[in-house]
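Have a look at the structure below before the remarks.
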Amino acid sequence: MTQSSATTDPHPALRLDRVERRFHQGETALTILDGADMVLRAGEMVALVAPSGAGKSTLLHIAGLLERPDGGDVVVNGVSCGQMDDAARTQMRRGTIGFVYQFHHLLPEFSALENVMLPQMIRGLSRGMAAERSKELLDYMRLGARASHRPAELSGGEQQRVAIARAVANNPYVLLADEPTGNLDPVTSTYVFDALTALVRQAGVAALIATHNHDLARRMDRAVTLRDGHIVDLVLD
Ligand SMILES: Nc1ncnc2c1ncn2[C@@H]1O[C@H](COP(=O)(O)OP(=O)(O)OP(=O)(O)O)[C@@H](O)[C@H]1O
């Protein structure tokens, strides 16, 4: 295991620069990130593998501009987000980052198609164009026949595939996924991961994917873990 590699790319999709994050639990200060650096390049898939409680979700939320770090910077496609106000960060996030959660987080009252359309319409795309792109994405995820179904009418694997389609709907530079197959049985998990991989490769997006599943982690380009508040390369057996 070595310090995570490479800071030579002038405009990587994502760069974490000396990121710090601490929580205070009663009298105790818990340091999760202590000057963490990382570079994620367009087209690469990186597994984030670390024990429960190590800080994977914290790292993904900071990388995804959902939470502010206590120190350091998050640079998305060359744009520093550290000093942005909340409105600017939200706008940046919507335009450049896709997020997939362990539980799909789809809106229950909307169809699969509408769930994929919504982030595009929030960004200003017309209803017609958003529908066209969403149909293409759902077809690609082999969900074309399910487009009009609501989340409750879909299986867990289908719900996650809709969530993945939604995450890439705005052509993000960076896709962040927090145990996207953690809630699925092994066969479905592999199927969903295959779909995620195909979409990531096709889109050339940079992906950081937290997983406890070493078999899936091995299929990515490289793996990292969290150690003493730093992001370090992880060699999987
Ligand atoms: N808002 C918060 N306030 C206080 N402590 C927090 C907060 N958020 C997270 N923590 C603590 O920070 C640590 C890291 O949490 P995090 O959820 O990032 O871990 P994780 O690696 O994603 O865990 P898991 O694999 O179980 O999801 C945990 O000890 C958690 O209790």
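What you are looking at is a predicted structure, and each value in this text was computed from that prediction instead of being measured. Side chains included, hydrogens not; waters and symmetry mates left out as well; all remaining heavy atoms used. In listed order, ligands and their atoms are each counted from 1.
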Using atom types as modelled, flag every donor-acceptor pair under 3.5 Å from a side chain in residues 54-67 to any protein atom, sequence neighbours excluded.
residue	atom	partner	partner atom	Å
Lys56	NZ	Ala50	O	2.9
Lys56	NZ	Pro51	O	3.1
Ser57	OG	Asp178	OD2	2.8
His61	ND1	Glu67	OE2	3.3

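Each of Leu208, Val205, Leu40 was checked for a side chain to side chain contact (heavy atoms under 4.5 Å, CB included) with Leu175, and the lone residue meeting it is Val205.
Between Arg201 and Asp221 there is a salt bridge, with a side-chain nitrogen of the basic residue lying less than 4.0 Å from a carboxylate oxygen of the acidic one. Look at Arg15 and Asp73 and you find no salt bridge, because none of the NZ, NE, NH1 or NH2 atoms lies under 4.0 Å from a carboxylate O. Using a cutoff of 4.0 Å between basic side-chain nitrogens and carboxylate oxygens, Asp194 and Arg219 are scored as salt-bridged.
Taking a heavy-atom cut-off of under 4.0 Å, ligand 1 is surrounded by Phe23, Gln25, Leu30, Ile32, Pro51, Ser52, Gly53, Ala54, Gly55, Lys56, Ser57, Thr58, Glu179, His212.
Cluster membership check: Val224 does not share its hydrophobic cluster with Ile209, using side-chain heavy-atom separations under 4.5 Å among Ile, Leu, Val, Met, Phe, Trp and Tyr.
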